[in-house]
Peer 1: 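This is the structure I want to talk about, given as structure tokens.
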Amino acid sequence: MLEIRNLHARVEGKEILKGVDLTVNAGEIHAIMGPNGSGKSTLAGVLAGRELYEVTDGEVIYKGRNLLDLSPEERACEGVFLAFQYPIEIPGVSNTYFLKAALNAVRKYRGLAELDAVDFLALVKEKMQLVEMKHELLNRPVNEGFSGGEKKRNEILQMAVLNPTLGILDETDSGLDIDALRIVANGVNKLRSTENATVVVTHYQRLLNYIIPDFVHVLVDGRIVKSGDKDLAFHLEEHGYDWARELHDPAEQEA
Amino acid sequence: MSTNAQDLEKLTSGDYKYGFVTDIEADTVPKGLNEAVIRMISQKKNEPEWMTEWRLKAFRMWRKMEEPHWAHVDFPPIDYQDISYYSAPKMKDGPKSLDEVDPELLATYEKLGIPLKEQELLAGVAVDAVFDSVSVATTFKEKLHEMGIIFCSFSEAVQDHPDLVKKYLGSVVPATDNFFAALNSAVFTDGSFVYIPQGVRCPMELSTYFRINSLGTGQFERTLIVAEEGAYVSYLEGCTAPIRDENQLHAAVVELVALDNAEIKYSTVQNWYPGDKDGKGGIYNFVTKRGKCAGVNSKISWTQVETGSAITWKYPSCILAGDNSVGEFYSVAVTNNRQQADTGTKMIHIGKNTRSTIVSKGISAGYSQNTYRGLVKIGKNADGARNFSQCDSMLMGDKCGAHTFPYIENHNSTAQMEHEATTSKIGEDQIFYCNQRGISTEDAVNMIVNGFCKEVFRELPMEFAVEAQKLLGISLEGSVG
């Protein structure tokens, strides 16, 4: 579904990604772990099409197409969803209105009829149960005055409604207490199917107790230095990222 | 420049969609302004002597006045002798019904999306359409007439209701109030007159569409609305104008009078031609709008959505004379390209326990300058007066300006005043967030700006709110970037 080859990207002239390779197949959950500044969020941002990031080399093939050729909204309509680390507030625009506009934009792109208000609300109510979200949040402006936990749940609600093929969770666990973490993780797990894939970007192993990854990749200094199964996450938790940094030395990697 | 920024620029540099010129023979007086011209205007309109004298008095005062330059706007000197002060579509006799109206004129309104007939049938809106300066169609007049409501062109009012006009004309905005009001008083050609008798609640939104057409013709509209004791009226004013090469002067005067327990709601959607991307052409809009809450418990509410004009100089104000009277001002002002707007309100608290609310939303894009200028004045006898002001500015791009000048004059220690102000930039991260959910940049900008203006839009009558959002959408291509 997703194939990243030798991806290089920079921010304001500074190279952050220095040759990332990653293959994600339908039905899989991949975790990308790494220390601060290793390029995790940059990778998520590049996949979603954030302009801040300039791709200097490599390619990203998504469902057989060059993802980097698509605009951010085309990527979204093609099923790429980014759950933001810091969800954005849009004052005066109700959550429902925003969600309906998004869903109908995506449906229109896919040649489906737009949902009317009744069908839309029925869908949203069903999906809200996934993330145990309070109904009143629907009528509030997008993310404005939401608690940290509410914002993250709102991201997963949007993901549930838009039903993406590739979900990218950027540090979704940051700022969540243990209960919220469980609720958010449950939501993600329930959305899992053989048709879609999820890339979980995280700093801590903690989230991976709830969302069990098929693969864990360690990103250090813009490269994936080690890949493994979920046990790799525990190993990292125990030994810290310094251990991974040593792997980064190319000579050692080959040895 | 990033793609988002380019998209924004593309969106905001859209051409004015309502630019077209209707080819109708117009009856125009020669350029220039002197007593003879004023007499000619007055004569063309068959005005009584007192009206002519009133105009001449205003003209004599105007000649001694100086064009004001305190506003944060910049424009080349206006040659008042190079303007034609009267233009009317040629018609032998006034039309008795819409069928008699020049089909081309009606087609013009169709293009603007104002199908008179449909409105008459479906929307329940009585339209007093002003084309250039003379009213060409007035609908629903009979129904209103049954209730004792007068809704007619100003010229008709001078003929048919001289006592009311004499009593209230200039009672809120004196002929000598300011330079532009004095000019208007001397040369005003037409406008609307509304009178709601005691205890009557006007059953429909009254609406007028103004439109500037003839080349080089100044527009000097005069509107007077009087609500007697316990009366209520909601009045809508909306306008668009065709593309022009030279600047056109528009200096309207609007006066509102609310007596005891009366309420007037005045809503405006203003979309005069703003000039092209380089600021060429476009309307100069120097308007004096003022309402007087003369009676106890009276209320006047101004709601405006300003997207057009090259220059806007406009401060719809309330004189809160009656005890417990209420004044409100809700405004959205959008400027783009080279537009300049200096707009706001004055709330003059005179009576006891008077209350006022000001909500102003300014959106600047392109190279435009958008200024809020407001005065809250509490008189020494205005015990228990309260004001709440909120002024929010949104900037799009980094070449425009937003300015806020709130003035407060308080002469009473029991007054309570609150002022809140914010300035924000439309965020690329907000747009990206919408993009990432599948929403195009154009729709995203639309959504974000409409959200920003929500508190004002909800004050507009329903059908007008929809129109305003659409207009913002069009102007967003042309105004928020």
Side-chain angles (χ1 to χ4, degrees), chain A residues 12 44-45 47-54 70-95 97-110 112 140-144 151 154-155 157-159 161-164 167-168 170, chain B residues 1-11 330 332 359-363 390 392-394 420 422-460 465-466 468-469 472-473 476 480:
Chain A
E12 287 161 1
L47 293 178
R50 183 140 218 180
E51 289 182 16
L52 191 64
Y53 308 116
E54 187 194 349
L70 303 179
S71 69
E73 58 268 35
E74 283 170 330
R75 296 181 199 196
C77 292
E78 289 286 347
V80 176
F81 182 94
L82 173 65
F84 282 55
Q85 183 179 3
Y86 304 107
I88 308 296
E89 298 180 0
I90 309 179
V93 177
S94 83
N95 222 5
Y97 184 86
F98 177 75
L99 207 47
K100 187 161 175 255
L103 178 63
N104 281 334
V106 170
R107 287 181 67 93
K108 203 173 157 191
Y109 179 91
R110 296 176 187 166
L112 300 169
R140 294 241 302 267
V142 180
N143 292 321
E144 201 184 38
K151 282 184 182 174
N154 201 25
E155 293 292 289
L157 172 67
Q158 292 176 17
M159 179 160 140
V161 169
L162 297 176
N163 192 25
I168 304 160
D170 188 8
Chain B
M1 197 193 303
S2 65
T3 323
N4 256 344
Q6 279 166 353
D7 283 347
L8 274 179
E9 188 149 313
K10 197 170 77 203
L11 282 175
Y330 298 96
V332 168
V359 177
S360 164
K361 306 276 180 179
I363 301 157
Q390 185 188 333
D392 299 324
S393 308
M394 183 183 266
E420 290 176 12
T422 64
T423 301
S424 57
K425 243 184 129 162
I426 190 161
E428 292 207 359
D429 51 353
Q430 281 178 327
I431 292 170
F432 177 66
Y433 190 63
C434 295
N435 286 161
Q436 216 300 307
R437 298 302 182 250
I439 300 167
S440 71
T441 299
E442 186 174 341
D443 290 345
V445 169
N446 229 321
M447 186 187 284
I448 294 163
V449 174
N450 275 304
F452 176 72
C453 300
K454 199 177 194 174
E455 289 152 286
V456 174
F457 284 162
R458 72 175 171 220
E459 296 297 325
L460 289 171
V466 174
Q469 285 190 24
L472 221 62
L476 290 183
V480 185

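Note that the structure is a prediction, hence the values are computed from the model and not measured. Order of the sequence lines sets the chain letters (A, B, ...), proteins ahead of strands, with each chain counted from 1.
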Peer 1: Does any backbone or side-chain atom of A:Val142 lie under 4.5 Å from a heavy atom of chain B? Answer side chain, backbone, both or neither.
Peer 2: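 Contact with chain B: side chain only.
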Peer 1: With a 4.5 angstrom heavy-atom cut-off, which part of A:Tyr86 approaches chain B: side chain, backbone, both or neither?
Peer 2: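 Answer is neither: A:Tyr86 stays 4.5 Å or more from chain B.
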Peer 1: Taking atom types as modelled, is there a side-chain donor on A:Asn143 or B:Tyr433 under 3.5 Å from an acceptor on the other?
Peer 2: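 A donor-acceptor contact under 3.5 Å links the two side chains.
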Peer 1: Calculate, to the nearest 0.5 Å, the distance between atoms CD and CG belonging to A:Glu51 and B:Asp429 respectively.
Peer 2: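 Result: 12.0 Å between the selected atoms.
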Peer 1: Looking only at heavy atoms, what is the nearest atom pair of B:Arg437 and A:Ala102, with distance?
Peer 2: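 Looking at all heavy atoms of both residues, the shortest contact is O-CB, 3.3 Å.
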Peer 1: Is A:Glu89 in contact with chain B via its backbone, its side chain, both, or neither, using a 4.5 Å heavy-atom distance?
Peer 2: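 Only the backbone of A:Glu89 comes within 4.5 Å of chain B.
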Peer 1: Let me know if B:Cys434 has heavy atoms under 4.5 Å from chain A in its side chain, its backbone, both or neither.
Peer 2: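 For B:Cys434, heavy atoms of backbone and side chain both lie under 4.5 Å from chain A.
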Peer 1: B:Gln436 side chain to A:Arg75 main-chain N or O, any donor-acceptor pair under 3.5 Å?
Peer 2: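 Checking the backbone N and O of A:Arg75 against the side chain of B:Gln436, no donor-acceptor pair under 3.5 Å is found.
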Peer 1: Give, as side chain, backbone, both or neither, the part of A:Leu162 having an atom under 4.5 angstrom from any heavy atom of chain B.
Peer 2: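 Only the side chain of A:Leu162 comes within 4.5 Å of chain B.
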Peer 1: Between B:Gly438 and A:Ala105, what is the shortest heavy-atom contact and its length?
Peer 2: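 In this case the closest contact between B:Gly438 and A:Ala105 is O-CB, 3.3 Å.
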Peer 1: Side chain, backbone, both or neither: which part of A:Tyr109 has a heavy atom under 4.5 Å from chain B?
Peer 2: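 Contact with chain B is absent: no heavy atom of A:Tyr109 under 4.5 Å.
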Peer 1: Please rank B:Gly451, B:Ser424, B:Ser440, B:Cys453 by heavy-atom pairs under 4.5 Å with chain A and give me the top one.
Peer 2: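 Ranked by contacts with chain A, first place is B:Gly451.
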Peer 1: Would you mind reporting whether B:Phe432 and A:Ile88 have side-chain heavy atoms less than 4.5 Å apart?
Peer 2: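 Heavy-atom side-chain distance check fails, nothing below 4.5 Å.
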